Amino acid sequence: MLHIKLFAKAREVVGTPVVEIPWSEGQTVLQLKRALVEKHPGLQPMISRLLVAVNNDYAADDSMIQPGDEVACFPPVSGG
Amino acid sequence: MLHIKLFAKAREVVGTPVVEIPWSEGQTVLQLKRALVEKHPGLQPMISRLLVAVNNDYAADDSMIQPGDEVACFPPVSGG
Amino acid sequence: MIEMTNAPIDYHALTESVRSSQSGAVVLFLGTVREMTEGRRTVALEYEGYPQMAEAKLAELESQARSRWPIDQVGIIHRLGHLELGDISVAIAVSCPHRKQAFEAGQFLIDELKVSVPIWKREIWDDGTTEWVHPS
Amino acid sequence: MIEMTNAPIDYHALTESVRSSQSGAVVLFLGTVREMTEGRRTVALEYEGYPQMAEAKLAELESQARSRWPIDQVGIIHRLGHLELGDISVAIAVSCPHRKQAFEAGQFLIDELKVSVPIWKREIWDDGTTEWVHPS
């Protein structure tokens, strides 16, 4: 299982700050996004804007995620 | 008589913060500079850089100075 | 000093922490909660952050700034949680030998913070509605 | 607030005086006494001013800045007299709706102050010599 931290509107529409997704070696960020939306359809309207961070850095759609990675998913940032 | 306030190196080379120069209507900033240097030759090396302010504003060489004006003379500023 | 905090930001202590006799210039930037945005009235803002990644990203920004300007000291504090009108959401202090460097580095840090540091804000409007802010 | 003073500058009070819920950005600039200048070591600076004209010129600069940027509040304090290493010689605080405006206005004010405000400084070098600073 991969534990994915959610923030801001992504957390709000899912309703919880962490979700679990079954995971195996060799899968990518894009596959994670699709799995998230499948499990939590509320994320569908924002999928094109969703960002994924792996081990505290932004990860591109074709990046691999390993089972032990620290993973987060959130909309574009708006701090400051 | 015109009272001229001196600042910074101009004050230092003359040795006093205010000097008096005989004055009559219709004379200019340039005439003041010449009169100052004649009376205080220590100002000669810096005459080309000397600035004159009349009533709290910079005055060009051809500006007139009236007897009651507030007049100051000093080198280029270096605050901040 | 890089910090995420729920407490009010002590920008005076932050500024003192970057002062140094090796630097002739200090620039401090404060972001504060503004009431009016395009004609709409804000009553409060809520900031949410991913603190661990935010601190990592701010440390990266500090490194990038140090590679571009001769920075002496830098300090960044971002507040999270509920902020009222006028409250300080972010403070960035930077000291450099000369003023132009300090202005440029300070502006770079706040510009980049808004682009890459995982923090989100939600407007609470005076009509009671709330809205996650989209970056412009 | 425009002020010439012989006392240490309270930049915290100055910054508080420009904060406002109408502004999203505050920029504070501090000029401080730097030890090294082109390889020479300063031990102190002496600032002399023509306070009456300096305040008039600073008020003019404030007007010019207000005509170029939507400034909310601005405060400028310049210190005169004997300053030690690290002491603050000048503090400029400005608040604006948006950050770019505040950075630009702050930089304009310190750049122009150095050009037009009648204040002079004298270096006291570590070899005991003193030297009036020529503008660069």
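Treat the numbers as computed from the prediction; the structure is a model and nothing was measured. Per chain, numbering begins at 1; letters A, B, ... match sequence-line order.
Of residues 20-34 of chain D, those residues with a non-hydrogen atom less than 4.5 Å from any non-hydrogen atom of chain C are, in numerical order, D:Ser20, D:Ser21, D:Gln22, D:Ser23, D:Gly24, D:Ala25, D:Val26, D:Val27, D:Leu28, D:Phe29, D:Leu30, D:Gly31, D:Thr32, D:Val33, D:Arg34. Using non-hydrogen atoms only and a strict 4.5 Å limit, no part of residues 40-71 of chain D faces chain C. Residues of residues 72-82 of chain D never come closer than 4.5 Å to chain C when only heavy atoms are counted. Within residues 88-121 of chain D, the residues having any heavy atom under 4.5 Å from a heavy atom of chain C are, by residue number, D:Ile88, D:Pro97, D:His98, D:Arg99, D:Lys100, D:Phe103, D:Gly106, D:Gln107, D:Ile110, D:Asp111, D:Lys114.
There is a side-chain donor-acceptor pair under 3.5 Å between C:Tyr11 and D:Glu16.
For chain D, the option among C:His12, C:Glu35, C:Met36 with the highest count of heavy-atom pairs below 4.5 Å is C:His12.
C:Glu84 and C:Asp87 get closest at one heavy-atom pair: N-OD2, 2.8 Å.
Not a single donor-acceptor pair under 3.5 Å links the side chain of C:Thr129 to the backbone N or O of C:Trp125.
In this structure, the separation between CG on C:Leu14 and CE on C:Met1 is 5.5 Å, given to the nearest 0.5 Å.
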